[in-house]
Protein chains: 2
Amino acid sequence: MNKHPMAVSDEDFKKVELAINDVREEGKTIRTIFEGYYDEEIDIGWEVDAAVDAFSIFSSRWTIEILATLYIAGERRFNEMRKLLRGISSRTLSDKLTKCTETGLVERLVEDGPPVRVTYRLTDHGRDAGRLLGPLVAYMKIKQGRVIRHTIQS
Amino acid sequence: MNKHPMAVSDEDFKKVELAINDVREEGKTIRTIFEGYYDEEIDIGWEVDAAVDAFSIFSSRWTIEILATLYIAGERRFNEMRKLLRGISSRTLSDKLTKCTETGLVERLVEDGPPVRVTYRLTDHGRDAGRLLGPLVAYMKIKQGRVIRHTIQS
DNA sequence: GATATCTAGTGTATAAAATGCACCATAGTG
DNA sequence: CACTATGGTGCATTTTATACACTAGATATC
């Protein structure tokens, strides 16, 4: 678990920046399309409402982190996730995984043993959400200096 | 505040779907690039950690909703936001806006009156985050049937 | 002149959510 | 017999969010 930033090649850094810029543009495009459909003051309430609703399943602590973990790490077992998501209690992880399973983001696979092993994995829906979240996470990582441009040496 | 879904033209619906697909692809690209930089088991912990950290400023209730509101509705005053974000208490809104201002997502503009008027607006950083979040919100809206394809009539 | 309204919040008690830490059963290893 | 590993639960405490009353300065209404 190294603390130093991830240094990527200049080429890859540019690719990531380009991808982020593209997504930003797609975001603008989507916004413009939706804006064409309402009379300012009347429907803003609706759209905010829809957005709040759309996000409500993510907007409690750990939900997005769990999603990101399974997206990055692939399928994992309960105690593996607990190690990766440093700071979460087993109680909370258990509750959140149940909720994520109920909302269809994650699936729970039991291979009965003994010992019984339980694997958590993103559903297709969860994976799509992960991918759509990826650019924002990358943007934040760059903003926070956790991903930096590798300075060429030798 | 109408409850029915937003029906967009077939053309626009396709545009939104295409944009979402593009973003999904960009997400995959970014993922692939980052994956090239680590030796499986060793750095997965780092990346999850970085993602958790990147998201920590969003992952408490209402933060993303506030961001989405200002992104959709543009700059707004305190009580306007309270009306838009139905369900939030003024106490919580006040606290969250303070936090969002501290984290640099939102700026607070005071026009002193009387009556004093305070306007909240996304910073450039906040707007970028909003745009990067847009495709996921659109995806969720479609998933939840809040944005539908307009059936051609007449 | 008293009362209501608008502004943007605060104070405080309560409810809900997250945490720490102990603990469970089953099985395998030394 | 003790210790590990599996995937969690139970419960007390802490943190976070909510409801709801209330503030202050100025204008508007009765």
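None of the values given here were measured: they were computed from a predicted structure. Note on naming: letters A, B, ... go to the chains in the order of the sequence lines (proteins, then strands), and numbering restarts at 1 for each one.
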Inspect the surroundings of CD in B:Glu11 and state if more than 12 heavy atoms from other residues, nucleotides or ligands are less than 6.0 Å away. no
Counting only heavy atoms not in A:Glu17 (residues, nucleotides, ligands), do more than 12 fall under 6.0 Å from its CD? yes
Does a side-chain N or O from B:Trp62 land closer than 4.0 Å to OP1 or OP2 of D:dT18, or not? yes
Under a 4.5 Å cut-off applied to non-hydrogen side-chain atoms, are B:Val147 and A:Phe34 in contact? yes
Just the rounded figure in Å: distance from [atom2] of [N] to [atom1] of [X].
{"X": "A:Ile88", "N": "C:dA18", "atom1": "CD1", "atom2": "P", "result": "9 Å"}
{"X": "A:Arg76", "N": "D:dT6", "atom1": "CZ", "atom2": "C1'", "result": "17 Å"}
{"X": "A:Arg77", "N": "D:dG8", "atom1": "CZ", "atom2": "C1'", "result": "14 Å"}
{"X": "A:Arg86", "N": "C:dA18", "atom1": "CZ", "atom2": "P", "result": "20 Å"}

B:Tyr71: partners by side chain to side chain donor-acceptor pair (under 3.5 Å), with sequence neighbours left out: none
Only pairs at least two apart or in different chains count here, so list each salt bridge (Lys or Arg N to Asp or Glu O under 4.0 Å) that has a residue in [range].
{"range": "residues 55-67 of chain A", "result": "none"}
{"range": "residues 92-103 of chain B", "result": "B:Arg91-B:Asp95"}
{"range": "residues 127-139 of chain A", "result": "A:Asp124-A:Arg127, A:Asp128-B:Arg24"}

Among D:dT9, C:dG9, D:dG7, which nucleotide has an atom closest to any side-chain atom of A:Asn79? D:dG7
Strand contacts (DNA chain D) in residues 53-61 of chain B, 4.0 angstrom heavy-atom criterion: B:Ser60, B:Arg61
Which residues in residues 91-109 of chain A have at least one heavy atom lying under 4.0 Å from any atom of DNA chain C? A:Arg91, A:Thr92, A:Lys96
Tell me whether A:Glu111 is salt-bridged to A:Arg77, with the criterion being a basic N under 4.0 Å from an acidic carboxylate O. no
